[in-house]
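Encoded as structure tokens, the structure appears first; notes follow it.
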Amino acid sequence: MHDIHAQRILIIDFGGQTTQLIARRVRESGVYCEIHPWDVKEKTLVEFNASGVILSGGPESVIKKNAPTIPSSVLSLEVPVLGICYGMQALVHQLGGVVQARQSHSEFGYASVRLQGGCTLLDGLSDRAGLSEDENDTQNNKNKPQAELDVWMSHGDRVESVPDGFSVVGTSENAPVAIISDEKRRCYGIQFHPEVTHTLQGAAILDRFVKQVCGCDSLWTPGNIIDNAVEGISKQVAQDEVLLGLSGGVDSSVVAALLHRAIGKQLTCVFVDNGLLRLNEGDQVMQTFADNMGVRVIRVNAEDRFLEKLAGVNDPEKKRKIIGNLFVDIFEEEAAKLNNVVWLAQGT
């Protein structure tokens, strides 16, 4: 069994609106990741043992006083780093480059980025080929096709010069420094947002970073997550018996299925049928788990008790509390009849 958490990406959040999307894209690549705020404790960052770090976008200006900064330990971890938008500007600013304040060169929305030079992060990725317009090109390279990317920009400040060791490998109309690369340090910065669908190669860029640059494998997959959970449950529970409150909803149903796969007949579910479910839903719960899966389910037909308690009550909040409290009472009554249960499982 693989340790699905052994390879992990750390995402430093600078307050960007799409930071959660970055995490989603990484997980879609089958790699585990976590989001932590930019002011997270240094000890937490070191103990996280990241395979790579992604610096998110954010609404601030890196050159303003008290602007969010990259934790010093991130820059000394000796793992690959990818700065996105604000994350790129923070990277440049803190490593000795120059970021210019908002003037007339802000970009929001679609932009075309022309690639120049080699870059592990982007080699082979292209939306179309453009022509070089660099006056410094030799005659042989003049008008040589260059890859262009359709991207989504959202920035005011822009990078004017890069730190030592970095090369400019991408430019746009309003961002002469749109992509930077330090291959030796495996450190990259992109001014655009790869996590949004408007950046057509965005998912491929993030996939390239976490897999090829950071060396992560696709371990964080539904199948591996299930196998890992089943193995963990089996070890923790051993030969003990487990009790679960089964409602038929997604959360408790998933837990019931996992537990049944892990410990089989050691699981007992209590299904409190309150009479408030959809037509035939109670029977469907029993059919799914008891009949089809072979799970031991104790069905408590408590419709009369619930309707009696709810009679004459109009306030939705009072109804919610009545239903919740009565469910607990009935569940505890049934649990008291089971003598060998050691563990209580909970789906929500």
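Hydrogens, waters and symmetry mates are skipped; everything else that's a heavy atom, side chains included, is used. These numbers were taken from a predicted model, which means no experiment stands behind them.
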### CA sep, side-chain torsions, deciding dist, call: Q89, V159, side-chain contact (heavy atoms from CB on, under 4.5 Å)
CA-CA 7 Å; Q89 295 178 1; V159 175; 4.2 Å; yes
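- Contacts of E28 classified as side-chain hydrogen bond (donor to acceptor under 3.5 Å, both in side chains), with partners at least two apart in sequence or in another chain: R24, R25.
- Contacts of E281 classified as salt bridge (charged side-chain N to carboxylate O under 4.0 Å, His left out), with partners at least two apart in sequence or in another chain: R278.
- With R158 contributing its side chain and N174 its backbone, the two residues share a donor-acceptor pair below 3.5 Å.
- With N224 contributing its side chain and L219 its backbone, the two residues share a donor-acceptor pair below 3.5 Å.
- Within the structure, every pair that satisfies the ring pair (Phe, Tyr, Trp, His ring centres under 6.0 Å) test and touches residues 40-86, not counting sequence neighbours, is listed here: F14-Y86, H36-F48.
- Residues passing the salt bridge (charged side-chain N to carboxylate O under 4.0 Å, His left out) test with R305, sequence neighbours excluded: E333.
- Between the side chains of T120 and R186, no donor N or O sits under 3.5 Å from an acceptor N or O.
- Applying the side-chain hydrogen bond (donor to acceptor under 3.5 Å, both in side chains) test to S218 and every residue at least two apart in sequence or in another chain returns K211.
- Each ring pair (Phe, Tyr, Trp, His ring centres under 6.0 Å) pair with one or both residues in residues 190-244, not counting sequence neighbours, appears once here: H5-W220, Y32-W220, W152-H198.
- Listed for the Q266 side chain is a donor-acceptor partner under 3.5 Å among the backbone atoms of A238.
- Among residues at least two apart or in separate chains, there is no ring pair (Phe, Tyr, Trp, His ring centres under 6.0 Å) pair with a member in residues 323-348.
- With sequence neighbours excluded, no residue satisfies side-chain hydrogen bond (donor to acceptor under 3.5 Å, both in side chains) with N325.
- Not counting sequence neighbours, D291 has no partner by the salt bridge (charged side-chain N to carboxylate O under 4.0 Å, His left out) test.
- For T199, the side-chain hydrogen bond (donor to acceptor under 3.5 Å, both in side chains) criterion is met by no residue, not counting sequence neighbours.
- Taking the salt bridge (charged side-chain N to carboxylate O under 4.0 Å, His left out) definition, one finds that K235 meets it with E231, sequence neighbours left out.
- Listed by first and then second residue, the ring pair (Phe, Tyr, Trp, His ring centres under 6.0 Å) pairs involving residues 274-323 amount to none (not counting sequence neighbours).
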